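Worksheet: the structure to be examined is printed underneath.
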Amino acid sequence: MTNFEAVDRFDQAHGAKIENLYWIAGSLENSDLKDMLEEMEDEDFKKCFPEIFNSKHYEEYRNDDEIMQAIVDFRKFGMIAEIHLPECDNFRYEKGKKHPVSWASHGGICRIEYCYGETLEELMKEIEKSAEKVFKEYIAEDKKKQKANV
C-alpha cells in the first residue's frame with residue numbers, strides 16, 4: 001500500500017482520522033503511549049490485543065499498571081492508532097436502495113476507536129473495519145429513529 005493509496009482508502013472510511021499513532025517497537029518508553037494503553041476500556045483492549053486480554057494474567061497486568069510489560073511479553077510491537085470517527089446523521093435513502101445515498105457528517109463530534117496492526121496494511125484494514133462498523137451503527141440508529149417517528 002502506497003501513501004497515495006492510503007489517502008484514497010481513508011477517503012472511503014467514512015471520515016475516519018488518526019488522532020494518535022504509535023509504532024510500539026519504537027515507543028516502548030513513550031509515556032503518552034503508556035497512558036493511552038492504561039486508559040483504554042477493556043472492550044477496546046480486547047479488540048486490539050485479544051491474546052493479552054484472554055490471558056490468565058490480564059487482570060494482574062491491569063491492576064499492577066504493567067500494561068507495557070504485557071505488550072512486551074506478548075510481543076505486540078506493531079502499530080496502534082487512536083482513530084476519531086465523525087458522528088453521522090440526517091441519512092437520506094432512495095426507494096429500493098439498501099444503503100443511504102447521503103448523510104451529514106459532524107467532524108467536531110467523534111466516536112473514538114482503537115485499532116492495532118502488525119503492519120501498515122493490517123492497521124489500515126482494522127481502521128476500515130472499525131469505520132464500517134460504526135457507520136452501520138449510525139445507520140441502524142437512524143432507521144430506529146425513523147420507525148419511532150412514523
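No experiment lies behind these values; they were computed from the predicted model shown. Starting from 1, each residue takes its place in the sequence as its number. The basis for the numbers below is simple: all heavy atoms, side chains too, and nothing from hydrogens, waters or symmetry mates.
- Using a 4.0 Å cut-off between charged side-chain N and carboxylate O, Lys76 and Glu51 make a salt bridge.
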Test salt bridge (charged side-chain N to carboxylate O under 4.0 Å, His left out) applied to Lys46 and Glu41, step by step: CA-CA 9 Å; Lys46 180 180 182 180; Glu41 299 289 331; over 6 Å; no
Test Phe135 against Phe91 for ring pair (Phe, Tyr, Trp, His ring centres under 6.0 Å), laying out the working first. CA-CA 11 Å; Phe135 190 70; Phe91 291 92; 5.7 Å; yes
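- For the pair Arg62 and Phe53, the NZ or CZ position fails the cation-pi test of under 6.0 Å to the six-membered ring centre and within 45 degrees of the ring normal.
- Between Glu43 and Lys47, none of the side-chain N atoms (NZ, or NE/NH1/NH2) sits under 4.0 Å from a carboxylate O, so this pair counts as no salt bridge.
- No donor-acceptor pair closer than 3.5 Å links the side chain of Glu141 to the backbone N or O of Glu137.
- Counting heavy-atom neighbours within 6.0 Å of Asn3 CG, excluding the residue itself, gives a total of 12 or less.
- What you find for Ser27 and Leu33 is that their closest heavy atoms are O-CD2, 3.4 Å.
- A distance of 9.0 Å separates CG of Leu28 from CD1 of Ile71, quoted to the nearest 0.5 Å.
- Between Tyr58 and Ile52, the closest side-chain pair of non-hydrogen atoms falls below 4.5 Å.
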Show the numbers, then the answer: is there a side chain to side chain donor-acceptor pair (under 3.5 Å) between His84 and Glu82? CA-CA 7 Å; His84 290 197; Glu82 174 189 318; 2.9 Å; yes
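- Residue Asp142 comes nearest to Asn90 through the heavy atom pair OD1-N, 4.5 Å, listed as atom of the first residue, atom of the second, then distance.
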Just do the ring pair (Phe, Tyr, Trp, His ring centres under 6.0 Å) check on Phe49 and Tyr116 with the steps written out, would you? CA-CA 8 Å; Phe49 306 107; Tyr116 175 82; 4.8 Å; yes
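- With values rounded to the nearest 0.5 angstrom, Ile24 atom CD1 is found 6.5 Å from Met68 atom CE.
- Across Gln12, Lys133, Arg9, a single residue satisfies side chain to side chain donor-acceptor pair (under 3.5 Å) together with Glu128, and that is Arg9.
- Using a 4.0 Å cut-off between charged nitrogen and carboxylate oxygen, Lys129 and Glu126 count as a salt-bridge pair.
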Can you list the steps and then say if Asn20 with Tyr114 is a side chain to side chain donor-acceptor pair (under 3.5 Å)? CA-CA 10 Å; Asn20 291 299; Tyr114 298 92; over 6 Å; no
Test salt bridge (charged side-chain N to carboxylate O under 4.0 Å, His left out) on Glu113 and Arg111 and set out the steps. CA-CA 7 Å; Glu113 293 279 321; Arg111 179 153 153 197; 3.2 Å; yes
